[in-house]
Amino acid sequence: MGEGNSPSFSPVFKLNCDVTNEFCYIDILLILLGFTMSNVRDIAKLAGVSIATVSRVVNTPEKVSPEARARVEAVMNEIGYQPHQRKRAKPTELFGVIVPDITNPFFSQFLDVLEKQAYLHGRSILFFNSRHDRHKERLYLEECARHKVDGVFLLPLNCAPAYLKQLQELPYPVVVLTRTSPLITSFGVDHAMGGMLAAKHLVDSGHTRIGFIGVTGSSENKFIGFRQHLAERGFPLKETDCFDVKKEPDLVAFLKQCFEQPKPPTAFFCMNDVTADKLLRELEKQGIYGIDVVGFDDSMTARLMVFSSIAQPINEMAYRGFEEMLVLVNEKGGKHGCYTSIRFPPRLVVR
């Protein structure tokens, strides 16, 4: 600070000592706990330990050797001194919500239901949009810890067991929505059943060559359920009729290739309603009509654009998730390895 400038005040106690000195911090902490420095020094001297060790016995006894801890506690008992008990951290009445894409009406609906539930319970929502970025999702989880939220509702990008175990270690409970796992409290829909319902509807409607637009792979249950039912009905899914949105950037080129074939697909199942909307708009641009499209989520997009979709019970998932979050908060963090995980059945909405 230059001469003549107004002094700036800090909320940190200074007590006429160098704030970089470890013992100053220890002095402050012990004073706040109810000790005077004469008490602390007397205890340290009589127990034959440092002031820092006395502090650790009071605050983090597990970090002190049993012998040293026993000596300090014996001296404290002998002089009849008991430190004030630290107060438990008060709940902030704040919940975090992390979604992958707020521009998707499905996730907007989820946020809306959670916000209403929070309001009814006298709580507030801290909202984050990860934009399908796993790094951002992790940063926002850390940000929630800095804001001392009581819990986080996570609509995750990743449900790998190793990642879910990391979520278990966070300083607040996490409720996962839209996906399920026995490793964490979670409420989702049966995606494989949803894929099966889409395939069944399209085959029952007379389609024999059906394409898929979304994410393919052994862990993508929508795709797995869809492909399995087509195979069971005798219409195996062709690789050339699949467009993986994570691997292939050019939907226009894919559609041109599809419809240059002698017998192109007459229907498509899309991973969500946003993708279905993009497909229908692109087909219209290319002058291709009469293609049957089924989306997933049954969001406002599907209703406005009037295409069939697999509905997820958003309200029920959000309500159950909120109820379970309140239980976890009251239990101070969790059930010690026993997690509620519920998978709801989807339903087909035909338009």
Atom CZ of R138 with >12 non-hydrogen neighbours under 6.0 angstrom: yes
Between CD1 on residue I184 and CG on residue L154, distance to nearest 0.5 Å: 7.5 Å
Heavy-atom closest pair, residues V175 and L328: CG2-CD1, 3.9 Å
Polar side chain donor-acceptor pair, R351 to S308, under 3.5 angstrom: no
Enclosure of F259 CZ (heavy-atom neighbours >12, cutoff 6.0 Å): yes
Salt bridge flag under 4.0 Å for residues R281 and E284: no
P156 to L177 - nearest heavy-atom pair and separation: CD-O, 3.6 Å
ILVMFWY network linking M76 to V64, side-chain heavy atoms under 4.5 angstrom: yes
E143 and R146: CA distance, side-chain angles, deciding distance, salt bridge (charged side-chain N to carboxylate O under 4.0 Å, His left out) verdict: CA-CA 5 Å; E143 190 66 21; R146 281 193 284 272; 2.7 Å; yes
S299 versus D297, side-chain donor and acceptor atoms under 3.5 Å: no
Ring pair (Phe, Tyr, Trp, His ring centres under 6.0 Å) contacts in which one or both residues fall within residues 44-77, not counting sequence neighbours: none
Separation between NE2 of H229 and CG of L237, rounded to the nearest 0.5 Å: 13.0 Å
Donor-acceptor under 3.5 Å (D190 side chain, F344 main chain): no
Test item: I125 and L94 side chains (from C-beta on) under 4.5 Å apart, heavy atoms: no
Taking every non-hydrogen atom, the tightest pair across L126 and H147: CD2-CG, 3.7 Å
Beyond-backbone contact of I213 with L251, side-chain heavy atoms, under 4.5 angstrom: yes
Note, C144 side chain near Y172 side chain (heavy atom, < 4.5 Å): yes
D273 side-chain N/O to F296 backbone N/O, donor-acceptor pair under 3.5 Å: yes
Check: E115 side chain, L111 main-chain N or O, donor-acceptor pair, under 3.5 Å: no
same_hphob_cluster(F187, F322) at 4.5 Å side-chain heavy-atom cutoff: yes
Single-linkage hydrophobic cluster I310~V274, side-chain heavy atoms < 4.5 angstrom: no
salt_bridge(R233, D204) N-O dist < 4.0 Å: yes
Where L157 and D133 come nearest, the two heavy atoms and their spacing: CD1-N, 3.4 Å
Shared hydrophobic cluster for I224 and M196 (ILVMFWY, side-chain gaps under 4.5 Å): no
Set of residues satisfying ring pair (Phe, Tyr, Trp, His ring centres under 6.0 Å) with respect to F223, sequence neighbours excluded: F212
Validation row: F153, I98 side chains within 4.5 angstrom (heavy atoms): no
Side-chain heavy-atom pair T266, T208 within 4.5 angstrom cut-off: no
Ion pair E73/R69, N-O distance below 4.0 Å: yes
Donor + acceptor pair across side chains of Y319, E324 (<3.5 Å): no
Check: S130 side chain, V99 main-chain N or O, donor-acceptor pair, under 3.5 Å: yes
Any donor-acceptor N or O pair under 3.5 Å, side chains D277, T301: no
Nearest heavy atoms of V349 and A311, plus distance in Å: CG2-CB, 3.8 Å
CA sep, side-chain torsions, deciding dist, call: S341, T185, side-chain contact (heavy atoms from CB on, under 4.5 Å): CA-CA 5 Å; S341 180; T185 302; over 6 Å; no
From NZ (K278) to CG (L283), nearest 0.5 Å: 14.0 Å
Derivation and outcome, side-chain contact (heavy atoms from CB on, under 4.5 Å), residues L279 and L255: CA-CA 9 Å; L279 171 64; L255 291 176; 3.8 Å; yes
Short side-chain to backbone donor-acceptor contact, Q117 and A318, under 3.5 Å: no
Partners passing side-chain contact (heavy atoms from CB on, under 4.5 Å) against M271 (at least two apart in sequence or in another chain): V215, V245, T275
Gap between atom CG of L326 and atom NE2 of H121 - 0.5 Å precision: 5.0 Å
Candidate pair R209 and Q261, rule side-chain hydrogen bond (donor to acceptor under 3.5 Å, both in side chains), full reasoning: CA-CA 12 Å; R209 186 159 182 180; Q261 301 175 77; 2.6 Å; yes
Beyond-backbone contact of P161 with L164, side-chain heavy atoms, under 4.5 angstrom: no
CG-CZ distance between N221 and R179, expressed to the nearest 0.5 angstrom: 9.0 Å
Student check: side-chain heavy atoms of P345 and M193 closer than 4.5 Å: yes
Verify same cluster id: F307, V294 (apolar side-chain graph, 4.5 Å): no
Check: D101 and R131 side chains under 4.5 Å, non-hydrogen atoms: no
Gap separating the CD1 atom of I288 from the NZ atom of K256, nearest 0.5 angstrom: 10.0 Å
Any donor-acceptor N or O pair under 3.5 Å, side chains S186, S181: no
Whether Y140 and F128 hold their rings parallel, tilted or perpendicular, with breakpoints at 30° and 60°: parallel
Minimum heavy-atom distance F107-L155, with the two atoms named: CD2-CD2, 3.4 Å
Check against side-chain contact (heavy atoms from CB on, under 4.5 Å), N272 and F106: CA-CA 9 Å; N272 57 39; F106 172 71; over 6 Å; no
Stepwise side-chain contact (heavy atoms from CB on, under 4.5 Å) test for D298 and Q312: CA-CA 7 Å; D298 193 38; Q312 299 197 57; over 6 Å; no
